[in-house]
S.K.: 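To start, I am sharing the structure in question, which I have written as structure tokens.
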Amino acid sequence: MEFFAGTYDIAVIGAGHAGIEAGLAAARLGASTAVFTINLDWVGNMPCNPSIGGTSKGHLVREIDALGGQMGIAADRNTIQSRMLNLSKGPAVHSLRAQIDRRAYSAEMKYTLENTANLTLKQAEIVSLRRTDSGWELRTRLEECYTAQAVVLATGTFLAGRVYIGDVSYESGPDGMFPSTALAQSLRELGIPVRRFKTGTPARVNGNSIDFEKTEVQPGDAHIVPFSFYETTQIANRRSCYITYTNQATKDIILKNLHRSPLYGGKIEGVGPRYCPSIEDKIVRFSDKERHQIFIEPCGLNTSEMYLQGLSSSLPVDVQLAFLHTIPGLEHAQVMRAAYAIEYDCVDPLALRPSLEFLDFEGLFGAGQFNGSSGYEEAAAQGLIAGINAARKVQGKPPFILDRASSYIGTLIDDLVTKGCSDPYRMMTSRSEYRLVLRQDNADLRLTPYGRELGLISDEKWARFLKKREQIERESARVRNTVLPPSDALNAMLEQAGTAPVHSGVTAAELLRRPQVDYNMLTPFDSSRPPLPAEVTEQVQTQIKYEGYIRRQEAQIAEMRRLEVQRIPASIRYEQVTGLRLEAAEKLARIRPENVGQASRISGVTPADISVLLIFLRSIRNEQEF
């Protein structure tokens, strides 16, 4: 018999990476919040790779931290190996990646939720969601009834989840968990526009059965950079990763058994991630390639379980074992968990506003893989924004929206709600047209003021931020005004670096602009230099070296924001806009952009359509003035 169990301002369904950030943000902003999860022991679980960060994803984690989120802090506390990627390239694409102790990370996040004011963590399966006059009603499997003014759907891959391994398929969430089947049906009945996506994960093997002598060791960085700008954590490389490769024998086995793959047999309907294909996908799509790289990664400090990144598959277990044993170092590998594909329900993100609230369901928000994205970092970023906006919704405040020029988070959300996605969306540096400005190293300078204004940055963190910003400004001015006289020693250093000597006084900034010269090389010749943290000198150097490019990109940003400030009335009838093409009118009516900038990024809306729209909006304003 159903009974009333409680009421909250915010209810978050799911305690994965999106649900965690949503719940913490809402609670920290003063909203009474409940986070519901099917199993309390799997809060913040990493069902796929045991790592956080990576190319572009590291940017997202540092932005989450700069805004006052939790992922970067928890990652630093549970890192077992840290590496900065793309150091041979420019600073715009440098990205931090860390191997994580997955069970310790999960415990850390559970403890954080348990000890956050205004937040209640509950083990309960939500089986139905219903609109009421005052908000939303949630019912659990145990017939408990909860009410909330706003709800954040952060269901990950659980929603109507189905696992596929060869000819075997069954209803399941990731890692052998229960799926969320009843809620999926409830959302369909509610009218939520859902579709099927799929993702896959590799086998896990016992490290004691791997011959590491046949693999390449991949050590961590000697100098470790944390994800968090404000939390001080002692991070050390405590485990190594390893690299091996597939070969012709691996390829032959997979091709011979391709008909047994549910993906190629037509059993899986869901669309898989384009940029993270299964090994059978890679063998078929890149048939001319002789081998594929495999990363062997530890799952934690207190387990021998190893993750085989690059070997995700849905082939039968016997085929998995056969091709696995052709790979150097894995000839005798003992599989602890078989690889599998999982198919699940998610929403069409075009049904969402930039605040991540549904267009047609007031007080209902989506976050993470439910929104059609892939990856822990993309999920956490959306969860943070959804939680912030759910809290602001119930508090009667305007939504908090980051634009494309402010952050990778803004780019991610704008891509989803404006362009949609036909396969699981993955963040990449190439998706940002402003990536030279949106570097991972300056995420705090860009976003911490927003976090402070929202109420997510403490006094202590704010004081540290202000001190760093002041040090950067002061040192940047000093370097621009400090003249270094020519000397034999200075010219010897310059010539050794491969750049021309100087014959008269030159500012330190002028030398820094040379590609061959870095800040530390000038130390012996700069007697007035104060001792400063590396994070400060890094900013000074980057700002001076790339000053011209940064100014050019800032001009592009100013033009983009000129369009962003031109709001589009919610009541506009696009079919009545004279001169607007039918395709543009239909897409604008469906997506309902909030401003002209967002409208200009909709696929199928041309510059000519935007010109027509601007003229129409101008005529509306002129009529209102009279």
Side-chain angles (χ1 to χ4, degrees), residues 11-19 22 36-39 42 45 47-48 123-131 136-142 151-201 262-263 265-273 278 312 314 339-352 358 361 364-376 378-379 382-383 386 416 420-425:
V12 179
I13 303 177
H17 304 283
F36 297 94
T37 179
I38 288 177
N39 191 325
W42 293 93
N45 183 34
C48 199
Q123 178 168 300
E125 180 190 352
I126 303 299
V127 295
S128 73
L129 191 62
R130 188 176 69 86
R131 300 176 79 174
W136 294 89
E137 180 183 277
L138 303 89
R139 188 169 61 83
T140 74
R141 175 73 65 186
L142 300 181
V151 173
V152 179
L153 290 164
T155 51
T157 60
F158 282 79
L159 208 59
R162 175 170 285 274
V163 160
Y164 291 86
I165 305 173
D167 293 327
V168 178
S169 72
Y170 52 92
E171 292 184 348
S172 177
D175 268 349
M177 298 287 291
F178 291 119
S180 182
T181 305
L183 179 61
Q185 181 60 33
S186 178
L187 294 181
R188 288 178 182 273
E189 291 172 357
L190 195 60
I192 301 293
V194 298
R195 67 263 188 87
R196 297 288 277 177
F197 274 0
K198 78 100 180 171
T199 189
T201 189
L263 181 65
K267 294 179 182 177
I268 295 179
E269 298 176 5
V271 182
S278 64
S312 65
S314 59
Y340 63 88
I342 185 168
E343 195 177 47
Y344 55 95
D345 279 1
C346 60
V347 73
D348 180 348
L350 294 178
L352 302 171
F358 275 78
F361 299 92
L364 185 64
F365 295 78
Q369 286 187 268
F370 174 78
N371 287 355
S373 64
S374 70
Y376 309 146
E378 290 90 338
Q382 294 170 69
L416 285 172
C421 55
S422 57
D423 54 84
Y425 178 99

S.K.: Run the salt bridge (charged side-chain N to carboxylate O under 4.0 Å, His left out) test against Arg141 and tell me which residues pass, sequence neighbours left out.
M.R.: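 Only Glu125 meet the salt bridge (charged side-chain N to carboxylate O under 4.0 Å, His left out) criterion with Arg141.
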
S.K.: With Arg130, which residues qualify under salt bridge (charged side-chain N to carboxylate O under 4.0 Å, His left out), at least two apart?
M.R.: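 With sequence neighbours excluded, Arg130 shows a salt bridge (charged side-chain N to carboxylate O under 4.0 Å, His left out) to Glu137, given in chain and number order.
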
S.K.: Using the side chain to side chain donor-acceptor pair (under 3.5 Å) criterion, which residues pair with Ser373? Sequence neighbours excluded.
M.R.: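 Side chain to side chain donor-acceptor pair (under 3.5 Å) check on Ser373 returns Gln382.
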
S.K.: Given 3.5 Å as the limit, does a donor-acceptor pair link the side chain of Ser172 with the main chain of Pro179, or not?
M.R.: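 Not a single qualifying donor-acceptor pair exists.
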
S.K.: So do Phe370 and Leu187 actually touch side chain to side chain, heavy atoms under 4.5 Å?
M.R.: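 Of all side-chain heavy-atom pairs linking Phe370 with Leu187, at least one is under 4.5 Å.
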
S.K.: Just jot down the salt bridge (charged side-chain N to carboxylate O under 4.0 Å, His left out) partners of Asp167, sequence neighbours excluded, or say none.
M.R.: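 Listed in chain order: Lys267.
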
S.K.: Name all residues meeting the side chain to side chain donor-acceptor pair (under 3.5 Å) criterion together with Glu189; count only those two or more places apart in sequence or in a different chain, and write none if there are none.
M.R.: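 Result, side chain to side chain donor-acceptor pair (under 3.5 Å) vs Glu189: Gln185.
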
S.K.: Nearest 0.5 angstrom please: Leu416 CG to Asp348 CG, how far?
M.R.: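 Between atom CG of Leu416 and atom CG of Asp348 there are 10.0 Å.
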
S.K.: State whether the side chain of Tyr340 and the backbone N or O of Asp175 hold a donor-acceptor pair below 3.5 Å, judged by distance alone.
M.R.: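 Yes.
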
S.K.: Can you name the closest pair of heavy atoms from Tyr376 and Cys48 and give their distance?
M.R.: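 Closest approach of Tyr376 to Cys48: OH-N, 3.0 Å.
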
S.K.: Could you walk me through whether Ile192 and Leu364 satisfy the side chain to side chain contact (heavy atoms under 4.5 Å, CB included) test, starting with their C-alpha distance in whole Å, then the side-chain angles of each, then the deciding distance to 0.1 Å, before giving a yes or no?
M.R.: CA-CA 11 Å; Ile192 301 293; Leu364 185 64; 3.8 Å; yes

S.K.: Of all heavy-atom pairs between Ser314 and Ala341, which one has the smallest distance, and what is that distance?
M.R.: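 Closest approach of Ser314 to Ala341, heavy atoms only: CB-CB, 3.6 Å.
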
S.K.: I'd like to check Arg139 versus Ile126 (side-chain heavy atoms, cut-off strictly below 4.5 Å). Are they in contact?
M.R.: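 Contact flag for Arg139/Ile126 side chains = no.
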
S.K.: Distance-only, no hydrogens or angles: does the His17 side chain make a donor-acceptor pair with backbone N or O of Gly375 under 3.5 Å?
M.R.: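 It does not hold such a pair.
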
S.K.: In terms of relative ring orientation, are Tyr344 and Phe197 parallel, tilted or perpendicular, with 30° and 60° separating the classes?
M.R.: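 Perpendicular.
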
S.K.: Would you indicate whether the side-chain heavy atoms of Ile342 and Thr199 approach each other to under 4.5 Å?
M.R.: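 Yes; the side chains approach each other to less than 4.5 Å.
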
S.K.: For the residue pair Pro349 and Cys421, establish whether any side-chain heavy-atom pair is separated by less than 4.5 Å.
M.R.: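 The answer is yes; the side chains approach within 4.5 Å.
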
S.K.: Evaluate the side-chain proximity of Gln123 to Ile38: yes if any heavy-atom separation is below 4.5 Å, no if none is.
M.R.: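 A side-chain contact is absent here, since even the closest heavy-atom pair is not under 4.5 Å.
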
S.K.: Side-chain donor-acceptor contacts of residues 151-166 below 3.5 Å, not counting sequence neighbours, with atom names and distances?
M.R.:
unit_1	atom_1	unit_2	atom_2	d
Arg162	NH1	Ser169	OG	3.3
Tyr164	OH	Glu343	OE1	3.2

S.K.: Side chains of Phe361 and Leu190: does their closest heavy-atom pair fall under 4.5 Å?
M.R.: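 Of all side-chain heavy-atom pairs linking Leu190 with Phe361, at least one is under 4.5 Å.
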
S.K.: Could you state the interatomic distance from CG (Leu138) to OG (Ser128), rounded to the nearest 0.5 Å?
M.R.: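 The distance works out to 7.5 Å.
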
S.K.: With a 4.0 Å cut-off on N to O distance, would you call Arg195 and Asp345 a salt bridge?
M.R.: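 Between Asp345 and Arg195 there is no salt bridge, as every charged N stays at least 4.0 Å from the carboxylate O atoms.
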
